[in-house]
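Sharing a structure here in structure tokens format.
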Amino acid sequence: MAEITQGGGGGKKGGKIRSKKTSTRIDMTPMVDLAFLLLTFFVMTTTLNKPQTMEITMPEEDEKEPPKVNEKHVLTLVMGKNDKIFWYIGITDPEVKVTNFSHTGIRKLLLEKKRDIPKLIVLIKSLDESKYKNMVDILDEMAINSIQRYAIVDVTPVDKELIKDVQI
Amino acid sequence: MSKVRPHRATPSLDMTPMVDLAFLLVTFFMLTTKFAAEEPVPVDTPSSTSTIKIPDTNILTIMVSKDGLVFFNMDGQYNRAAVLQKMGTKYGVEFDQTEQHSFAVMGASVGLPIGSMKQFLDMSPEDRKLVKQTGIPLDSLHNELADWVLESRLSNRMLRIAIKGDRDADFPTVKKVIKTLIDRKVNRFNLITNEEKESS
């Protein structure tokens, strides 16, 4: 910019050629631009690079008798194909319903159940068709809704039978 | 009123200290940045609201790709070489010094049965990228992943185990990985996720 104004001023002065005093300064602007570009790049990449992690602790596989719980306190979530969640309360002749991972789906359900059942225990079961994402999402929901008692367990043939009737 | 005469100097200011600082920072970040090694398969991790950051060191990563292939990665060059050698003796494959070294310095994950590992390590790094990796065997009869985990934990007691799964990885494979870990008495592990972007 400075060069342009100097050039304009020179034209007015009658075209007398003056021996220009060569200044010892060099234009550092491009270099600074580059330096800051690199700086921005490295700052951005280093801070955003670190992935998050979710810690889970699985129970030990021993022969001990699992603790007995009231079946009315147990909410079973079965994750199926296409991000669907089948859920039911208890085990004796439960009514199976379908929900999804949306805000009004699983989040609302968990909040309601948590309010209604203080001693809520959630069993998370995944069908073979479900994705890894579903498991992470459901564990995330447990954290969001601060449900402390939950377990990841295998699907039983009984569950599959129950779900069969609901499948669309 | 005395009029201040506009000082018609070139609007240049001494940028030297700023440039000095900028270059200092550039140098610092360039030297501290660790570029992630190019992985054999891209893995798109699912998002979560978890904000715990993964530690930099003493970490064993089990990667599960979209196609259900399992890859192994671990940090620490000495430990890597030691683990490879132990795996070799277990499965009757002899790895020489160069092979151990190239395994140790390789930053990327590997997903090959131990049988084809020797051939893979003899290749040049450029050729290795072209290899279509088949994943670490994970069957209940032939579970090499279990041995990788066992040997790694024996060589590094501080090791933490992380599973880095693709969001579309099918659940049975992930279940097999988790089962393998539990069988080896690893009950506490991490799932690598990235930051939640969309508000669900």
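Heavy-atom basis, side chains included; hydrogens, waters and symmetry copies ignored. Each chain gets a letter, A, B and so on, in the order its sequence line appears, and its residues count up from 1.
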Between A/D140 and B/S48, which heavy-atom pair has the shortest distance, and what is it?
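In terms of heavy atoms, the two residues are closest at OD2-CA, 3.3 Å.
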Using non-hydrogen atoms only, which part of B/V174 is less than 4.5 Å away from chain A: side chain, backbone, both, or neither?
side chain
Heavy-atom distance under 4.5 Å to chain B: side chain of A/A35, backbone, both or neither?
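Both backbone and side chain of A/A35 come within 4.5 Å of chain B.
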With a 4.5 angstrom heavy-atom cut-off, could you sort out which part of A/L139 is near chain B: side chain, backbone, both or neither?
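For A/L139, the side chain is the part near chain B, not the backbone.
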Are any non-hydrogen side-chain atoms of A/K131 and B/R167 less than 4.5 angstrom apart?
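Side-chain contact under 4.5 Å: no.
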What part of A/N134 is in contact with chain B, defined as an atom under 4.5 angstrom from a non-hydrogen atom: side chain, backbone, both or neither?
neither
Can you tell me which residue among B/I163, B/L191, B/N190 is in a side chain to side chain contact (heavy atoms under 4.5 Å, CB included) with A/M54?
B/L191
Under 4.5 Å heavy-atom distance to chain B, tell me which part of A/T29 shows up: side chain, backbone, both or neither.
both
With a 4.5 angstrom heavy-atom cut-off, could you sort out which part of B/A162 is near chain A: side chain, backbone, both or neither?
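Neither part.
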Considering only heavy atoms, which portion of B/I178 lies under 4.5 Å from any heavy atom of chain A: side chain, backbone, both, or neither?
side chain
Would you say B/L145 ends up clustered with B/L69 if hydrophobic residues are merged whenever their side chains have heavy atoms under 4.5 Å apart, either directly or through other cluster members?
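No, B/L69 does not connect to B/L145 through the hydrophobic network.
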Under 4.5 Å from any heavy atom of chain A, what part of B/T173 do you find: side chain, backbone, both or neither?
neither
Taking C-beta and beyond as the side chain, do A/I56 and B/R188 meet within less than 4.5 Å on heavy atoms?
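The answer is no, as the side chains (C-beta and beyond) never meet within the 4.5 Å cut-off.
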Closest non-hydrogen atom pair between B/D166 and A/Y132, with its separation
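Reported closest heavy-atom pair: O-CD2, 3.1 Å.
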Mind listing the closest non-hydrogen atom pair of B/F171 and A/L127 along with its distance?
CB-O, 4.1 Å
